[in-house]
Amino acid sequence: MSTWTAARAVFAKDVTTELRSRYALSATAVFALASLAVVSYAVGPFGGRPELLAAFLWTVLLYAASAGLAQAFLREVERRTWLTLRLVASPGAILLGKGAVNLVLLLATEALVVPLFLALFGASFRSLPGFVAVLLLASVGLSAAITIVSALLAQARAHGALVSALAFPLVVPVLMAAVAGTRRALVEPGVAPPELKVLAAYAGVVIGMGIVLAEHVLDD
Amino acid sequence: MAWRWGLFFYMAAVTVAAFLYAPLARKLHEQTRIIYWHIPVAWVTVVAFVVAGWHSWRYLATRDLGEDARAAAAAELGLLFCVLATVSGSIFSKGMWGAYWNWDPRQTSIFFLLLIYAAYLTLRAAVEDPARRARLAAVYGLFAAAVTPLLIFVVPRLFFTLHPDPIVNAGGKLEMHPRMFQVFMAALGGFTVLFFWVYSLDVRIRLHQLRQDGVLPGAGKDRSA
């Protein structure tokens with residue numbers, strides 16, 4: 001079985017499992033909605049400045065992603081399906097499949113959170129395509145980095161707070177570039193901000209490293 | 001032994017030269033002195049990071065736990081120098097801008113480098129099995145090493161910064177008085193040698209411990225680090 005076929009099989013398996021239980025999607029979405037509500041309530045009607053809005057949105061998305069996406073590997077360990085999965089698929093295929101599932105989960109959460117965010121804060125984008133480009137590229141980088149960290153931690157048998165502790169320093173470049181790009185999309189027209197280059201470079205570096213190091217990431 | 005005394009007197013001479021030989025920079029006033037400590041320790045932080053990354057890569061290639069010990073030693077020392085760079089930077093910030101911390105992009109970069117070092121050491125502490133710990137830490141260290149250039153060199157340029165230009169700025173020009181540059185380079189060299197000396201001691205202790213524990217062969221040959 002080629003890596004792509006195996007990755008597609010891992011992806012299909014996880015999507016099917018998720019559609020049955022909806023555990024990861026509920027965890028990510030409910031966490032995001034709860035944090036969005038807390039931020040919106042705490043800020044009240046005075047949070048309309050683009051610098052603050054961009055920071056609020058990405059803080060909510062980052063923590064929702066750390067809370068929800070980290071489940072991908074831990075659940076395999078808890079259900080004792082980890083060894084079987086390792087036997088039937090190569091490390092690269094598992095990482096690709098799980099990373100794709102996490103990307104879909106994050107995009108689904110964003111589809112729910114972003115319109116609500118705009119409605120709650122009464123904001124609108126001067127450049128919607130610019131924001132969508134930032135959102136997509138940042139989501140690819142975020143889901144790739146969190147997938148790799150959760151793969152490491154599932155083998156360390158140490159989860160919980162460690163996911164945020166380990167993932168957060170790695171995803172800071174995404175967070176900073178996404179905040180800057182979102183702020184720009186709120187106030188300026190246009191689609192090709194320099195932040196997009198940083199986000200694309202980050203996603204490329206993390207995915208490239210994931211491919212090179214896949215055998216070492218999942219070596220048990 | 002003699003060269004260690006040499007290093008001691010060399011660092012003492014650099015300290016004296018920073019106060020008596022190098023002139024003050026025009027806009028930095030007395031805060032100029034701190035660049036002879038702050039930039040070298042920040043440089044050593046990055047050197048330690050590269051050393052940790054190199055030995056992490058070597059571990060994955062060879063599965064030799066000695067390489068893991070070298071990576072861990074570099075990361076621990078890197079964390080120490082990163083704390084020194086953060087503290088000296090915030091003293092500079094207080095003198096120049098009136099606040100110890102203002103989330104300037106450069107401060108943000110060094111703070112998150114600190115978090116990366118801390119996370120690496122936390123991951124090491126979370127795993128008991130030495131081989132698994134070495135592998136997971138090496139992979140995490142390499143990922144951190146891959147994204148750090150973005151954090152240090154690219155992302156800060158997206159934001160307005162109060163931080164002075166790097167020594168060799170974007171135009172590739174050196175904007176420093178020759179005597180300041182001499183003292184600065186002397187401090188940079190001194191701190192680099194200091195780091196590698198302490199690092200070699202730390203590695204020897206770790207390798208000795210691994211030999212005593214029977215993890216590495218050749219108990220008693222602990223001077224080969």
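Naming: A, B, ... by sequence-line order, numbering from 1 per chain.
- Contact of B:T108 with chain A is made through the side chain alone, with heavy-atom distances under 4.5 Å.
- Residue A:V217 comes nearest to B:R135 through the heavy atom pair O-NH1, 3.1 Å, listed as atom of the first residue, atom of the second, then distance.
- Looking at B:L113, neither its backbone nor its side chain comes within 4.5 Å of chain A, counting heavy atoms on both sides.
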Could you walk me through whether B:L123 and A:L162 satisfy the side chain to side chain contact (heavy atoms under 4.5 Å, CB included) test, starting with their C-alpha distance in whole Å, then the side-chain angles of each, then the deciding distance to 0.1 Å, before giving a yes or no?
CA-CA 8 Å; B:L123 177 62; A:L162 270 190; 5.6 Å; no
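- A donor-acceptor pair is defined here as one N or O able to donate and one able to accept, closer than 3.5 Å; no such pair exists between the side chain of B:Y140 and the backbone of A:L152.
- We find the NE2-CH2 distance between A:H216 and B:W57 to be 6.5 Å, quoted to the nearest 0.5 Å.
- Partner of A:M209 under the side chain to side chain contact (heavy atoms under 4.5 Å, CB included) criterion, chosen from B:L142, B:V139, B:V147: B:L142.
- Contact annotation for B:R124: neither backbone nor side-chain heavy atoms come within less than 4.5 Å of a heavy atom of chain A.
- Between B:A119 and A:P169, the shortest heavy-atom contact is CB-CG, 4.2 Å.
- Of the residues considered (A:V205, A:V172, A:V174, A:V212), A:V172 shows the highest number of contacts with chain B, using heavy-atom pairs under 4.5 Å.
- With respect to chain A, the highest number of heavy-atom pairs below 4.5 Å among B:T148, B:L60, B:L115, B:D129 belongs to B:L60.
- The 12-atom threshold is exceeded at CH2 of B:W101, counting heavy atoms of other residues, nucleotides or ligands nearer than 6.0 Å.
- When all heavy atoms of B:F143 and A:V206 are compared, the pair lying nearest together is CE2-O, 3.6 Å.
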